[in-house]
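Some notes on the structure that comes next.
None of these values were measured; they are calculated from a predicted model. Numbers here are sequence positions counted from 1.
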Amino acid sequence: AGMEGYADPFNRRCFPWGEEDTELTEWYRMLTHIRRSHNVYRQGGYETVASDGGVFAFVRKDAHESLLTAVNCGKEDFRLEIDGTWNDLVSGEIYKDLMVIPAQKGRLIEKI
């Protein structure tokens, strides 16, 4: 619902029925759908591909698919070399051999 916890007494506020943050709820609904649609997030192999200066990226893969999840908590864009052609599962953008992860953003991409 987009509620903030804080400390006492704010962590005991009532649920905001009818005033939920629908944009935030839809965002998490979409991420849940992506996770449920791709078995590699539950049972695929794991490999860290970047861990540097606020950037963390990993690949989950099996014999049928490879998915790369990347998060940039840094203050500057991060260029990540990727092998092949990849599709962004959120925006539909296509990346070939290089992906830029903007500062304070993330990417979920699938190898095609």
* Asked: Does any non-hydrogen side-chain atom of Ser51 lie less than 4.5 Å from one of Phe58?
  -> no

* **Within 6.0 Å of OH in Tyr28, more than 12 heavy atoms from elsewhere** => no

* Out of Thr32, Val90, Thr22, Asp21, which residue meets the side chain to side chain contact (heavy atoms under 4.5 Å, CB included) rule with Trp27? -> Val90

* Lys111 atom NZ: more than 12 heavy-atom contacts under 6.0 Å -> yes

* Which class fits the ring pair His38 and Tyr41: parallel under 30°, tilted 30 to 60°, perpendicular over 60°? -> perpendicular

* What are the two closest heavy atoms between Val59 and Ser66, and how far apart are they? -> CG1-CB, 4.4 Å

* Asked: If you round to the nearest 0.5 Å, how far is CD1 of Ile112 from NZ of Lys96?
  -> 9.5 Å

* To do: Could you point out which residue of Asn72, Ile109, Leu68, Asp52 forms a side chain to side chain contact (heavy atoms under 4.5 Å, CB included) with Leu80?
  => Leu68

* To do: List the steps, then state whether side-chain contact (heavy atoms from CB on, under 4.5 Å) holds for Val100 with Tyr95.
  => CA-CA 9 Å; Val100 175; Tyr95 304 99; over 6 Å; no

* Asked: Once you round to the nearest 0.5 Å, how far does NZ of Lys75 lie from CD of Gln104?
  -> 8.5 Å

* Structure fact -> Here the gap from His33 atom NE2 to Arg29 atom CZ, rounded to the nearest 0.5 Å, amounts to 12.0 Å

* Do other residues, nucleotides or ligands put more than 12 heavy atoms under 6.0 Å from the CZ atom of Arg42? -> yes

* Asked: Between Ala70 and Ala57, which heavy-atom pair has the shortest distance, and what is it?
  -> CB-CB, 3.7 Å

* To do: Applying side-chain contact (heavy atoms from CB on, under 4.5 Å), run through Val49 and Ile82 and close with a yes or a no.
  => CA-CA 9 Å; Val49 294; Ile82 52 177; over 6 Å; no

* Neighbour count above 12 (heavy atom, 6.0 Å) for Glu20 CD -> yes

* **Nearest-0.5 Å distance that lies between atom OG1 in Thr85 and atom CD in Glu110** => 12.5 Å

* Of the non-hydrogen atoms in Gly44 and Arg60, which two are nearest, and what is the gap between them? -> O-NH2, 2.8 Å

* Structure fact -> Between the CG atom in Leu67 and the CZ atom in Arg35, the distance rounded to the nearest 0.5 Å is 12.0 Å

* May I ask whether Leu108 and Phe78 are part of the same hydrophobic cluster, defined by side-chain heavy atoms of I, L, V, M, F, W, Y residues being less than 4.5 angstrom apart, directly or through others? => no

* Smallest separation among heavy atoms of Gly92 and Asn87, with atom names -> O-OD1, 3.3 Å

* CZ on Arg107 to CG on Leu89, rounded to 0.5 Å -> 12.0 Å

* To do: Using a cut-off of 6.0 Å, state whether more than 12 heavy atoms not belonging to Asp97 lie near its atom CG.
  => yes

